[in-house]
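First comes the structure, then the notes that go with it.
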Amino acid sequence: MKEALNFVSNMSKYHFNSIEAKWQKYWAAHQTFQAKNHSSNPKYYVLDMFPYPSGAGLHVGHPLGYIASDIYARYKRHKGFNVLHPQGYDSFGLPAEQYAIQTGQHPRKTTEENIARYREQLDKIGFSFDWSREVRTSDPAYYKWTQWIFIQLFESWYDKTLDKARPIDDLIALFAAEGNREVQAVCDEDVVQFSAEQWQSFSFEEQQKILLQYRLTYLAETEVNWCPQLGTVLANDEIVNGVSERGGYAVVRKKMKQWSMRITAYAQRLLDGLDTIDWPQPLKDSQTNWIGRSKGATVRFKINNFDNYVEVFTTRPDTIFGVSFMTLAPEHDFVNLITTEAQKKAVQSYVEASAKRSERERMADVKTISGVFTGAFAEHPFTGALIPIWIGDYVLAGYGTGAVMAVPCGDQRDYDFAKHFNLPIPNIFEGIDISEEAYADKENTIIANSEFINGLGYAEATQKVIEALEAKNQGSGKINYRLRDAVFSRQRYWGEPFPVYYKSGLPQMIDAKHLPLTLPEVEKYLPTEDGEPPLGRADVWAWDTNKNEVVHNKLIDNEIVFPLELNTMPGWAGSSCYMFRYMDSKNNTEFASKEALQYWQKVDLYLGGSEHATGHLLYSRFWTKFMFDRGFFSVDEPVKKLINQGMILGESAFVHRIEGENTLVSKGQIEGRPVQPIHADVSMVNLQNELDIEAFKNWRPEFKDATFITETDGTFKVSREVEKMSKSKYNVVNPDDICEQYGADTLRMYEMFLGPLEQAKPWSTAGITGVHNFLKKLWKLYHSGSEDAFFVVEESASKDALKTLHKTIKKVEEDIENFSFNTSVSTFMIAVNELTAQKCNQREVLEPLAILIAPYAPHIAEELWNLLGHDTSISTVAFPKFDAKHLVESSKEYPVSFNGKMRFKLELSLDLSVSEIETAVMAHEKTQEQLQGRTPKKVIVVPGKIINIVG
RNA sequence: GCAGAAGUGGUGGAAUUGGUAGACACGCUGGACUUAAAAUCCAGUGAACAGUAAUGUUCGUACGGGUUCAAGUCCCGUCUUCUGUACCA
């Protein structure tokens, strides 16, 4: 009998599980969130950085950004926008390949399984994604277009005069008409000059070789970051602290023939574009630093007794008379040439020693000063003085020219080097003491002991020196960038194949109409025995130019069959333009239709982590600018506004083991014993930090027979520490479990409630009941307490209820527009508490309230909307309109503080103009007293707070 | 070293553009309901002092100064933490 009663009373309880399943099914069946490429409504494009589907599945940290963007997308729909909110998968990548190497399973299979799992988890959270536009970078129908973009880059060059990329045919026409002397293009540094006649006389192969030096993607022998453990090269942004970002393996420098992207052509535009986009300042700063623009000059120093010149880059041409020696990087081309017989031995051993040092050692040890004199001298361009040429590993081969003119009085590194080797430190600064350290401030300097620039400041001196150098043909003003061309080849299997075959060793593009060039099947995913990439294992991997298809390797003797490229593209290839592909993702004849690109323009709001600052987000801007130049896109930036959501961290739990014993001791009983902390799975620890000992014993067999020293009350306490959420730290919390226990709406609101979106914060379930209780209270508000049934009446609402509603509308709208989702959760809580206290049950208030809450807690909102008698989704209903009159009508006394401690109350209504309020304030007896006859300059009225007097 | 962000109760965090600091939530304390527990509901909760009480007074936003009728908020200096970056000539 009792059970039956419970069942009845449960009927109207907030049954989140069935409600959520019901509406998720409804949205999928009705394709509620499918975006149309045509609409009379304004468009809005909200995008999340698409995930890499890892085998570990989603943890509660992943959805944070998705929830925020989903709230915004849903809000924008309520506001009448045609919203594009797609999702997809960045499904090429190293983990799937490494798993394949270990298990022999095809990466496609594991990737598909992982995607299925991700999808299942994402669906449970109730996102309003338009899945009809889903993309997967590893899908041939998608990477066909990644290959297509590659071909476009190959078929383009960068015209410095027009400052844009142009078709390579234009360049060929220019060469045929006038040779390359007048052509202003971004190209390799070692291009040879030729006339139109010479161009015509070159063989096809010679012409192709030259063109390769101009193409925006090109094949070159480059010094790359080779990671032997991973068997592949890495881009600069994939290396962290001298080791690989993934795995933390050593990285060495190695020369290899590699595809590169001429991103340096876009360095200046990538900098300038930052001013036009609404991105977080720290992110812009890191792109600015990464591009590393510095203004200065190149100076050519003649080498004494040689016909060669050493070229250096300096940001301080004004200090040229302070040069007392030069330093070359140990890898510099001239080292062997200029070293004298007497110094040969010392130089050779130094070069060898520094080549052996890994990048990491070199970085770890910045303090030690080392170097060797080459025995050679350079001539000062103005004084003709002989300057000793040294080599030293503080000079980097990869930056500038790999050589510096050392000015010890003006640069601390040069200063330290000079001190260490007892080299002269001439002072060229008026009235500056350089006996202790170099003087690097260029703003407040007057140059001395410097012939024709004596008495000048930095700017003038620099200009004069550059002019003088140009007159002597020994230098010129130059802007140098730290940004390097991006290496685009990876020796991996699980990536996009290049649409490239080789004819006489020269790369040829496969005609775009024959794409995609799909990945071949291989037996193993490791590099071949003779060091070729995994694709070298494929039997069927050559291109037949007659049949235009992939054929068997053995046919290669035939002159119409050519070997295909064995490298694959890096991870960022597929993610650089994916945001544009969503606009028309099923299009099989073009990347996306002109109409779709024109309609959606660019991403209005992009959410993702800040770790992509110098990778994905930079490459994406680069490719977008390129596509814009070539007329494929109508915008030259991919993303208007970007928000970096903070990471959700895990609260790891540690049990303590007494060193050398299989004894585990509770936190409070350690008492100075030597202990070792061991990660325990957080699922075995409760909110009081008490460990479930039995579960722990079963979890780790080695602790099955361990001794447990508990607290005096018999509990076993663990210690907690905040760390990144990761499987290996056993601190992962699965969103499925939260959905199961509290519901997706609770998860969504709680993740927002945790704190500001951009901030990193530890996950803790401690406060989740507060949010869950709120949803229960919300549910109750629409149900009568006594009969436990849906209960909303048509009578008009009280003034107080309307005031609560409109206060809430205003606040929530402001919060969403400012991305302060955490505070609007509080706003809802206040509203529901107030309406409950007011016993509000009128449709006039409860219907708009459901709409307000729908972006945050869509499932319960849909259910309430349905109970209110509507048979369509709440998702497109107009957002309630704020009406100030409801606040005005119930205006009361508001406190005013003035003149220190004095406080009094003043009755005001909101629709008064500033001057009316001024009058009211002046008329108020006490105010006049306090103002002492002065007129207030400004009286500010803000809803809720009301008054602000500036006297 | 450089650049950026931030320091507010026991905890997460509010505080609009300088105007009642600590919203909201967790936790805690007490109470109601219950045989009991859970759930739910109600009340209290920055600190100190005074008062039977309502209440009042003082202090209080990392630290030290400053501007202002008024400072968590603005300015100067110090300390701490976090994030990024690092021999970039």
Please give, in whole Å, the distance from B:C88 P to A:Y399 OH? 9 Å

Does a donor on one side chain sit under 3.5 Å from an acceptor on the other, for A:N644 and A:S610? no

Select base, sugar-phosphate, or nothing to describe what A:N480 touches, counting heavy atoms under 4.0 Å on all strands. nothing

Under 3.5 Å, which protein N or O atoms sit close to an N or O of nucleotides 7-12 of chain B? Give each pair with its distance.
unit_1	atom_1	unit_2	atom_2	d
B:G12	O2'	A:L754	O	2.8

Could you work out, with side-chain hydrogen bond (donor to acceptor under 3.5 Å, both in side chains) as the rule, every residue matching A:Y439, not counting sequence neighbours? none

Whole-Å gap separating P (B:A15) and CD1 (A:I830): 11 Å

All heavy atoms of A:K478 vs all of A:F313, minimum pair found to be O-CE1, 3.7 Å

I need the CZ-P distance between A:F774 and B:A23, as an integer number of Å. 18 Å

Counterpart residues, side chain to side chain contact (heavy atoms under 4.5 Å, CB included), relative to A:A403 (two or more places apart): A:V310, A:V312, A:L328, A:H332, A:T401

Length of the line joining A:Y394:OH and B:A89:P, which is rounded to integer Å: 13 Å

Could you check if the base of B:G22 is syn or anti? Syn means the glycosidic torsion is within 90 degrees of 0. anti

List in chain and number order the residues that pass ring pair (Phe, Tyr, Trp, His ring centres under 6.0 Å) with A:F753, two or more places apart in sequence or in another chain; answer none if no residue qualifies. none

Would you say A:Y399 and A:S294 are linked by a side-chain donor-acceptor pair, where the criterion is simply a distance under 3.5 Å? yes

Please list, chain by chain and in numerical order, all residues satisfying side chain to side chain contact (heavy atoms under 4.5 Å, CB included) with A:H612, sequence neighbours excluded. A:M49, A:H616, A:L617

Testing the 3.5 Å rule here: is there a donor-acceptor pair between the side chains of A:S354 and A:D393? no

By nearest atom, which of the nucleotides B:G13, B:G4, B:A89 is closest to the A:D285 side chain? B:G4

Looking at RNA chain B, which of residues 408-421 of chain A put a heavy atom within less than 4.0 Å of it? A:R413

Which atoms of nucleotides 38-45 of chain B (N or O only) lie under 3.5 Å from a protein N or O atom, and what are those distances?
unit_1	atom_1	unit_2	atom_2	d
B:U40	OP1	A:N773	OD1	2.6
B:U40	OP1	A:K776	NZ	3.4

Does NZ or CZ of A:K810 come closer than 6.0 Å to the centre of the six-membered ring of A:F882, within 45° of the ring's axis? yes

Looking at residues at least two apart in the chain, or sitting in another chain, which of them share a ring pair (Phe, Tyr, Trp, His ring centres under 6.0 Å) with A:F321? A:H380, A:F382, A:F452

Using Watson-Crick pairs (N1 to N3, plus N6-O4 or O6-N4) and G-U wobble pairs, both distances under 3.5 Å, which stems of at least 3 pairs involve RNA chain B? B:1-7 with B:79-85, B:10-12 with B:24-26, B:27-32 with B:40-45, B:46-50 with B:55-59, B:62-66 with B:74-78

Residue pairs passing the salt bridge (charged side-chain N to carboxylate O under 4.0 Å, His left out) test where at least one lies in residues 403-418 of chain A, sequence neighbours excluded: A:D411-A:R413

Run the side chain to side chain contact (heavy atoms under 4.5 Å, CB included) test against A:I830 and tell me which residues pass, sequence neighbours left out. A:E834

A:I291 CD1 to B:U85 C1', straight-line distance once rounded to whole Å: 15 Å

Check the phosphate of B:G13 against A:T823, side-chain N and O only, distance under 4.0 Å to OP1 or OP2. Yes or no? no

Sequence neighbours excluded - salt bridge (charged side-chain N to carboxylate O under 4.0 Å, His left out) pairs with any residue from residues 288-300 of chain A: none

Measure from the side chain of A:V395, starting at C-beta and using heavy atoms only, and say which of B:A89, B:A15, B:C24 lies closest. B:A89

Between the side chains of A:S824 and A:Y856, does any donor sit under 3.5 Å from an acceptor? yes

Spacing between A:E813 atom CD and B:U16 atom P, to the nearest angstrom: 19 Å

To the nearest Å, give me how far apart CG (A:L757) and P (B:G13) are. 13 Å

To the nearest angstrom, the CD1-P distance between A:I389 and B:A89 comes to 22 Å

